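To start, the structure under review is shown below, and the notes come after it.
Whatever order the structure lists ligands and atoms in, that order sets their numbers, starting from 1. Remember, predicted model here, so these are calculated numbers, not experimental data.
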Amino acid sequence: MTIQLTHNGVLYAADTDRVEDCSIPLRFGGPQPNAFHLPRAEAVVARGGDFVGDTRQGGSCNCETVQINPHGNGTHTECIGHLTNDRIDVRSVVRDALFPAVLLSVELSKTENGVVVTAAALQRAIDRVREQTDFDVWPERFTGMIVRTLPNASTKNERTWSGSEPPFMEADAVRFVAECGVRHLLVDIPSLDREDDDMLRAHRTFWGLPAEGHESSHGYADRTITEMIFVDDELSDGFYLVNLQIPPFVLDAAPSRPMIIPVERMESAESPNPTT
Ligand SMILES: [Zn+2]
């Protein structure tokens, strides 16, 4: 199916058959990424009376009880309720069926603070998109920003980030994204913040919260952060539609599955054919 859409007054098309999954498969019995030393995601066969929830063990069907901590077990989406006394839930925040987003490949920088995404690296990636594609829409606001850090090793799919000083976003970089008006930020690192930053300063900046306290009244309750995505190298930087799928958890965070569809600019009927 082809969707035609208008963004900032320009006509685009998106082929829904070209959708790509940017989540990390959550293998309950196999290798998993892990962050913040949180327990692994587990699925345990349900048992009760004569019932066993495993057909290989003689059960009538398969039926497992799942234990998960979204923040540590792979791709997940969280909302301002992660930090506030108001238990705002991600289900009520993620309501867009599809939103326009820009995919950016961003080189990591080694600093004395650690390995970081800098505002300068984000700006370079944006400049490359503007030069190499016909998206003249920046700096018009995209609803979403997808950050793929380089190098883009597939080991991100099962890396134990816990205790390894994983890359994070520098304060200037988060401020830049927040000030662009991005509502949904998706990253392939385990957290916007330095692993040992108990104040979650980068999260607070993105959600417009003060440095301390757990009041939600001043924050952006319509913004989400999605962490530990994986974006295949085959996908080039540029314009996508995002369908951010989450289970209906009434919690600050839930596992998620961002599905992204490449968007192409439509030629207008009267534009001259450059090959003639
Ligand atoms: Zn998280």
Side-chain angles (χ1 to χ4, degrees), residues 22-28 32-42 66-94 101 106 108 114-117 144-149 156-171 173-174 177-178 182-209 211 214 216 219-231 242 244-258:
C22 296
S23 65
I24 294 175
L26 183 43
R27 299 180 210 285
F28 287 90
Q32 299 174 4
N34 184 270
F36 301 109
H37 304 279
L38 290 163
R40 272 177 60 91
E42 306 262 19
V66 166
Q67 173 185 290
I68 189 169
N69 188 313
H71 295 290
N73 299 153
T75 312
H76 65 283
T77 298
E78 59 207 34
C79 68
I80 195 171
H82 191 34
L83 291 176
T84 59
N85 291 335
D86 259 344
R87 303 304 296 266
I88 297 165
D89 65 89
V90 67
R91 175 186 167 277
S92 57
V93 175
V94 178
V106 177
L108 293 170
V115 179
V116 295
V117 173
M145 184 185 285
I146 306 164
V147 176
R148 167 173 53 196
T149 58
K156 285 172 185 168
N157 285 312
E158 47 191 67
R159 189 171 294 176
T160 300
W161 297 101
S162 311
S164 72
E165 299 182 19
F168 59 97
M169 289 189 76
E170 230 174 29
V174 182
V177 176
V182 166
R183 274 184 46 220
H184 301 294
L185 175 60
L186 296 84
V187 297
D188 61 5
I189 51 182
S191 177
L192 297 196
D193 275 293
R194 228 179 107 119
E195 186 179 27
D196 60 358
D197 183 0
D198 296 338
M199 300 306 295
L200 287 90
R201 272 172 268 236
H203 283 74
R204 285 178 175 275
T205 300
F206 181 71
W207 280 317
L209 290 171
H214 299 283
S216 60
Y220 295 110
D222 61 346
R223 292 187 172 186
T224 71
I225 298 169
T226 300
E227 293 159 333
M228 280 192 272
I229 62 169
F230 184 76
V231 186
V242 181
L244 186 52
Q245 301 181 350
I246 59 160
F249 284 13
V250 183
L251 285 176
D252 67 292
S256 62
R257 185 186 188 212

Legend entry - Atom OH of Y220: over 12 foreign heavy atoms under 6.0 Å: no

Legend entry - Donor-acceptor contact present, side-chain D89 to main-chain R91, <3.5 Å: yes

Inset, instruction - Please calculate the ND1(H71)-the Zn ion (ligand 1)-OE1(E227) angle and round it to 10 degrees. - result: 170°

Legend entry - Metal site the Zn ion (ligand 1): N/O/S of H76 inside 2.8 Å: yes

Legend entry - Aromatic ring pairing H82/H71, orientation class (parallel under 30°, perpendicular over 60°, tilted between): parallel

Inset, instruction - Tell me, yes or no, whether the heavy-atom count around N85 atom CG, taken from other residues, nucleotides or ligands under 6.0 Å, exceeds 12. - result: yes

Inset, instruction - For the Zn ion (ligand 1), find the closest N/O/S atom belonging to E78 and write down its atom name. - result: OE1

